[in-house]
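Take a look at the structure set out below.
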Amino acid sequence: MTARRTRLQPLLLMVAGTLSIALLLPPASASGDVGATTVASGLNNPRGIFLVSGKSYFVAEGGTGGSGPCQPGPFGTICVGQTGAVTHVLNGSLDRIVNLPSIASPDGSFAFGPHDVAMGDEGALFATIGLGGDPAYRAGFGPAGDDLATLVRITRTGEMRVVADLLAYEEAHNPAGGVMESDPYGILRRGDSSIVADAGANDLLKVTDRGRISTLAVFPDRMVDFQGGEVPMDAVPTTVVRGPDGAYYVGQLTGFPFPLHGARVFRVVPGEKPTVWARGFTNIIDIAFHNGKLYVLEIAHNSLATSSTPFGALLRLNPDGSKTVLFKDLFFPTSLAFTSGGDALVTNCGVCPGGGEVLRIAL
């Protein structure tokens, strides 16, 4: 595979500069601005979380790759395997109900695999499986990689089928233009459809349960300041939720150069151009509405481009537009959910093979 600048290099770069830290240090302690407790541990690069009840939830685990086929990736050899998972957590116990494709370095780092999970009305689970590459990259993993960059449906008994091939849709349509790439990330269920934020394709898609795909919105590059000049920055949408007004809200990680306070939340009404609804965040990885207020999870509150150790944070957007940092003792957090009692569940150490955890943060 020839070297190329991929749209998802931001998601790889966020690991590259700090991988040694992730491997040498334990997950972030459960102390900070408000109380937190570790309620699950031993997860492999945990990503999205879907809450069923306070002590029952599903976690998408990015996995640790496998024995191959392998090929060169942006940061070394990357191998494929069936180590990704959708895992049911009940009272802290892990039950991996299905294994799914995962690509990673031989040590389990730089993992792409299941990124998010949501439950449909009928009880089936739907998960996005990432890739962070183009068709040639996926083909390099052989048949073992065929289900990368897809949306899949999973029954409670662990049966899986592909609902839609999002990389094939990107190859055929490339709605946002530019580099052809897919990395399905955040997912939201709406009736008989899944709303997917594709962080590689820079778009928001609607996928019916019969596999029909349509584009709801695209998020173009924008010019940002960098070292005295301006450079184009990818949007990298990572999360989608439905707001109190019925519109979709999409958070962006942003690409290089990862400017402080450069990430935005977009409001999307199908058929209309996305509008900027909130700004001034840094490297958004997930968002959630709770009691009518928006909460934002930043994977790196001090920017992925920081020269020091990055730390994640949970923030609340206040009615006057100000922001309150609620908790910042996090290490590469990746997803957020609220219990009925108002506590936040956060998947933490999302770049840690075997070291990922779920924190309950009492707000």
Side-chain angles (χ1 to χ4, degrees), residues 27-43 45-61 87-92 94 115-119 185-189 197 238-244 249-253 263 265 278 280-302 310-319 322-352 355-363:
S29 63
S31 62
D33 301 316
V34 291
T37 305
T38 300
V39 293
S41 58
L43 294 161
N45 298 304
R47 307 291 161 83
I49 186 170
F50 183 87
L51 182 67
V52 180
S53 65
K55 296 182 179 180
S56 173
Y57 45 90
F58 294 92
V59 176
E61 294 185 82
T87 299
H88 182 223
V89 183
L90 178 62
N91 293 318
L94 309 183
H115 281 325
D116 203 3
V117 59
M119 182 179 288
Y185 212 88
I187 181 176
L188 168 70
R189 286 293 297 174
T238 50
T239 171
V240 56
V241 299
R242 187 169 182 260
Y249 289 79
V250 177
Q252 64 168 154
L253 180 79
V265 177
F281 298 98
T282 304
N283 301 141
I284 296 172
I285 194 67
D286 203 6
I287 59 176
F289 280 97
H290 180 64
N291 290 336
K293 296 180 180 179
L294 181 71
Y295 291 77
V296 174
L297 186 65
E298 298 175 331
I299 198 168
H301 183 64
N302 53 344
F311 63 91
L314 176 62
L315 297 82
R316 182 183 65 234
L317 181 66
N318 301 313
S322 64
K323 303 172 183 66
T324 300
V325 177
L326 301 171
F327 193 85
K328 57 183 181 181
D329 192 7
L330 297 167
F331 187 77
F332 287 99
T334 48
S335 192
L336 167 68
F338 281 95
T339 68
S340 58
D343 291 346
L345 293 180
V346 173
T347 47
N348 193 48
C349 212
V351 297
C352 302
E357 61 183 357
V358 178
L359 298 180
R360 179 187 288 266
I361 302 174
L363 301 179

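For the numbers below, each heavy atom of this structure counts, side chains included, while hydrogens, waters and symmetry mates do not. Since we're looking at a predicted model, the values are computed, not measured.
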Flag if over 12 foreign heavy atoms under 6.0 Å of NZ, Lys323: yes
Between [X] and [Y], which heavy-atom pair has the shortest distance, and what is it?
X      : Y      : value
Leu336 : Ala288 : CD2-CB, 3.9 Å
Val346 : Pro333 : CG1-CB, 3.8 Å
Ile49  : Asp116 : N-OD1, 4.0 Å
Cys349 : Gly355 : CB-O, 3.8 Å
Ala36  : Ile361 : CB-CG1, 4.0 Å
Leu314 : Leu330 : N-CD1, 4.2 Å

Quick check: do [X] and [Y] have side-chain heavy atoms less than 4.5 Å from each other?
X      : Y      : answer
Thr282 : Glu298 : yes
Val117 : Ile187 : no
Phe58  : Val52  : yes
Leu315 : His301 : yes
Leu345 : Leu51  : yes
Leu317 : Phe289 : no
Val358 : Thr38  : no

Between [atom1] on residue [X] and [atom2] on residue [Y], distance to nearest 0.5 Å:
X      : Y      : atom1 : atom2 : result
Glu61  : Arg47  : CD    : CZ    : 10.0 Å
Leu253 : Ile284 : CG    : CD1   : 9.0 Å
Leu188 : Arg242 : CG    : CZ    : 8.5 Å
Leu326 : Leu363 : CG    : CG    : 5.5 Å
Asn302 : Asn283 : CG    : CG    : 9.0 Å
Leu294 : Tyr249 : CG    : OH    : 9.0 Å

So, do Phe332 and Phe311 have ring centers that fall under 6.0 Å from each other? no
Evaluate side chain to side chain contact (heavy atoms under 4.5 Å, CB included) for Val59 paired with Phe50, printing each intermediate quantity in order. CA-CA 7 Å; Val59 176; Phe50 183 87; over 6 Å; no
Side chains of Glu357 and Ser41, donor plus acceptor under 3.5 Å: no
One pair to check against side chain to side chain contact (heavy atoms under 4.5 Å, CB included): Tyr57 and Val39. What are the steps and the verdict? CA-CA 11 Å; Tyr57 45 90; Val39 293; 3.4 Å; yes
Does anything in residues 284-293 form a side-chain hydrogen bond (donor to acceptor under 3.5 Å, both in side chains)? List the pairs, not counting sequence neighbours. Thr239-Asp286, Asp286-Ser335
Can you sort out the partners of Tyr295 under ring-ring contact (aromatic ring centres under 6.0 Å, His included), two or more places apart, ordered by chain and number? Phe338
Before giving the answer on side chain to side chain contact (heavy atoms under 4.5 Å, CB included), spell out for Leu359 and Thr37 the whole-Å C-alpha distance, their side-chain angles and the decisive distance to 0.1 Å. CA-CA 5 Å; Leu359 298 180; Thr37 305; over 6 Å; no
Sequence neighbours excluded - salt bridge (Lys or Arg N to Asp or Glu O under 4.0 Å) pairs with any residue from residues 332-348: Asp343-Arg360
